[in-house]
Amino acid sequence: YQSAIFYPFNIIYHILPQADAWSVLIIIQPVLAGFFMYLFLRSLSISRQGSFFGAFGFAYSGWMMAHWQEVLVVTQSILWLPLALYGTNLIWKKSVRAGFIVLLLSLVMSILGGFPQMIVYLFAVTLLWSIYRKTPIALAAMGASLGVTAIQWIPALEAYLTSPRAKVDSSFLFNTFLSPLWYLVTFLVPDYWGNPGSYNYFAPLQYLQERTIAVGISVLILALFCLVVRDRSGKTKFWKIFTLVTLSLGFAIPTSWIWYIARVPLLSAAQPARIFVLSTFGVCVLAAYGFDQIGKSTNARVLKKVMAMLSVVFVFLWILVIGFIIAHALLGLLAIKNTKIVELITNIATVSSRNLFISTVFFVVSCLVLLFAKQRRIVFILLIITTGLWVTYSANKILYFSDRKHEYPVVPPIAKLQELAGLDRVWTYGDAYITRNIPSFYNLYSPEGYEALYSHRYGKLLYTLVTRGVLTDVINRT
């Protein structure tokens with residue numbers, strides 16, 4: 001299913017070499033996401049500048065960037081969300097035919113995009129929004145999209161129902177991958193715990209790109225401003241509730257287990273932290289609304305309170321970090337080394353302090369722009385520049401670049417295997433192990449690999465190698 005062979009943009013692989021096609025698909029992700037988000041925000045009667053700011057924030061948010069390269073099908077399945085909501089808005093505004101076509105197109109493209117969890121999210125949000133907007137015609141578009149894409153989702157559903165994912169207990173996903181509340185600090189300082197791209201990640205939990213919640217300081221300030229400012233029109237009520245609920249569902253609190261406890265199909269067996277893509281979307285919608293609220297004398301005090309609140313958080317983080325810097329210096333004088341506590345103190349004193357300083361600079365600049373720039377156009381330009389610099393800084397750690405010569409190079413061992421193996425299977429192990437799925441590129445047939453959906457019965461048979469001939473339902477999900 002995740003190969004997304006029916007996704008129209010994948011035809012690029014038949015036109016360009018694999019590396020070039022893959023690069024083009026990555027490049028068009030933020031372009032499409034930003035354009036669709038802009039259309040949706042404009043349909044909410046948000047100004048052009050506010051819509052562009054919100055669209056820019058979503059297209060280049062930390063969550064989206066973290067998935068462009070690593071799991072391309074994730075973003076290409078969810079980027080159609082704002083277009084689906086735009087289509088719903090068109091229906092609500094009595095442009096029924098155009099809205100139906102836009103909504104149908106977005107739903108079909110999401111399904112063909114190839115990532116079931118994102119598709120469920122998209123359909124769920126579209127359904128909620130259509131109920132809120134009282135546009136029952138949207139339900140017809142959903143049904144039509146399922147008919148159009150049946151060639152893809154029906155075999156996928158069959159594969160899911162016969163796979164271990166539909167049978168094996170998945171409580172470990174919620175125990176392991178829901179983020180602890182202290183991870184909220186990464187809203188302000190994305191790399192407070194380091195970053196694998198800099199080889200200095202040291203948080204006491206596994207790094208996952210799904211846990212990314214950062215959207216840029218400027219976007220966060222305006223989103224919080226919109227969240228707390230009084231909205232007499234009620235236009236932001238849906239998005240305030242939506243953002244807070246979806247954000248909470250990614251953290252390790254009792255309510256986040258709702259998918260598992262209720263045994264919701266697919267979501268009960270899926271990585272729960274991925275819901276942060278929806279909170280990211282909500283934050284950017286609120287930021288767009290927030291941009292349109294700045295400059296009003298009645299809201300200036302609220303904006304200053306939001307900045308003051310965030311300033312208190314930054315001051316607290318600096319007090320904490322300075323304490324660790326002092327402790328690090330004392331440990332150096334006492335020549336204490338090689339303990340986990342010393343390693344933690346050293347990391348916070350060096351890695352956290354450096355990244356906290358960078359985030360503080362972005363925060364101060366954003367506050368100065370919002371407090372002292374008088375013309376809305378100037379505020380817009382400066383906030384886009386500030387957010388763009390944050391995106392560049394983050395992308396340098398999240399995204400990776402390489403010379404073309406390193407793309408599946410034919411090294412001597414590979415060449416020898418190609419010469420000897422033919423149609424026979426190859427097996428690699430120890431220091432000569434070739435990472436799973438890599439051999440298939442070279443037309444080498446290796447028995448191991450990775451597949452999200454495979455036959456549960458076949459998996460039970462293979463697992464007897466581990467249990468020494470005993471059949472059990474408790475096997476690996478993948």
Side-chain angles (χ1 to χ4, degrees), residues 1-11 25 28-29 31-44 55 58-59 64 67 71-160 238-239 242 246 264-267 270 274-275 277-278 280-282 285:
Y1 189 90
Q2 291 181 196
S3 60
I5 59 173
F6 297 115
Y7 190 62
F9 287 114
N10 281 349
I11 197 172
L25 286 173
I28 66 175
Q29 302 283 314
V31 175
L32 291 176
F35 178 62
F36 297 156
M37 186 67 160
Y38 179 82
L39 291 177
F40 170 60
L41 294 176
R42 286 293 291 152
S43 71
L44 295 175
F58 176 65
M64 294 294 281
H67 288 81
V71 195
L72 186 62
V73 292
V74 171
T75 49
Q76 74 183 21
S77 295
I78 198 64
L79 65 83
W80 300 94
L81 173 60
L83 187 65
L85 301 182
Y86 171 65
T88 305
N89 281 354
L90 288 179
I91 296 173
W92 180 69
K93 294 180 178 181
K94 306 307 180 183
S95 298
V96 177
R97 180 177 299 178
F100 185 89
I101 293 173
V102 170
L103 178 55
L104 177 62
L105 172 66
S106 58
L107 295 172
V108 167
M109 293 295 284
S110 177
I111 293 173
L112 298 180
F115 202 82
Q117 188 176 0
M118 295 298 111
I119 298 166
V120 171
Y121 285 161
L122 186 145
F123 268 71
V125 177
T126 304
L127 177 62
L128 288 174
W129 185 243
S130 64
I131 293 173
Y132 181 76
R133 285 296 205 191
K134 298 179 182 178
T135 53
I137 297 177
L139 299 178
M142 293 182 185
S145 69
L146 294 176
V148 172
T149 58
I151 192 174
Q152 172 138 332
W153 68 263
I154 289 180
L157 178 62
E158 181 184 5
Y160 173 78
F238 177 92
W239 295 107
F242 173 84
T246 54
V264 177
L266 190 65
L267 295 184
R274 292 192 184 115
I275 201 168
V277 68
L278 298 184
T280 295
F281 182 84
V285 172

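Nothing here was measured: the structure is a model prediction, and the numbers come from that model.
Annotation: Y160 is not in aromatic contact with W153 [ring centroid separation under 6.0 Å not met]. Note: W129 and F242 fail the aromatic proximity criterion, with ring centroids not under 6.0 Å apart.
Here I119 contributes atom CD1 and I111 contributes atom CD1; the two are 6.0 Å apart, rounded to the nearest 0.5 Å. Atom CZ of residue F281 and atom CE of residue M37 lie 4.0 Å apart, to the nearest 0.5 angstrom. Rounding to the nearest 0.5 angstrom, the gap separating the CE atom in M118 from the CD1 atom in I275 is 9.0 Å. A distance of 13.0 Å separates CG of L85 from OH of Y132, quoted to the nearest 0.5 Å. Rounding to the nearest 0.5 Å places CE of M142 at 6.0 Å from CG of L107. To the nearest 0.5 Å, atom CG of residue L79 and atom CE of residue M109 are 8.5 Å apart.
For the residue pair V285 and F40, the shortest heavy atom distance occurs at CG2-CE2, 4.1 Å. Between W239 and L44, the shortest heavy-atom contact is NE1-CD1, 4.3 Å. Minimum heavy-atom separation, T126 to A84: OG1-CB, 3.7 Å. Minimum heavy-atom separation, N89 to S43: ND2-OG, 2.8 Å. Contact between A55 and L41 at its shortest, heavy atoms only, is N-CD1, 3.7 Å. Heavy-atom minimum distance, A150 versus P155: O-CD, 3.6 Å.
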TODO: Walk me through it: do T280 and M64 pass the test side-chain contact (heavy atoms from CB on, under 4.5 Å)?
DONE: CA-CA 9 Å; T280 295; M64 294 294 281; 5.5 Å; no
- [ ] Applying side-chain contact (heavy atoms from CB on, under 4.5 Å), run through F9 and Q76 and close with a yes or a no.
- [x] CA-CA 10 Å; F9 287 114; Q76 74 183 21; over 6 Å; no
TODO: Could you go through the side-chain contact (heavy atoms from CB on, under 4.5 Å) check for L128 and F238 one step at a time?
DONE: CA-CA 10 Å; L128 288 174; F238 177 92; 4.3 Å; yes
- [ ] Report the C-alpha separation of F115 and H67 in whole Å, then their side-chain angles, then the decisive distance to 0.1 Å, and conclude whether the side-chain contact (heavy atoms from CB on, under 4.5 Å) test is met.
- [x] CA-CA 12 Å; F115 202 82; H67 288 81; over 6 Å; no
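Every side-chain contact (heavy atoms from CB on, under 4.5 Å) that L104 has, sequence neighbours left out, goes to F100, V108, A144, S145.
Looking at E158, its side chain never comes within 3.5 Å of a backbone N or O of I154 through a donor-acceptor pair. When atom types are taken as modelled, the side chain of S110 and the backbone of S106 share no donor-acceptor pair closer than 3.5 angstrom.
When each of L83, T88, L90 is checked for a side chain to side chain contact (heavy atoms under 4.5 Å, CB included) with L103, only T88 meets the rule.
Considering only heavy atoms from C-beta on, L122 stays 4.5 Å or farther from S77 through its side chain.
Counting non-hydrogen atoms of neighbouring residues, nucleotides and ligands closer than 6.0 angstrom, the CH2 atom of W92 reaches no more than 12 such neighbours.
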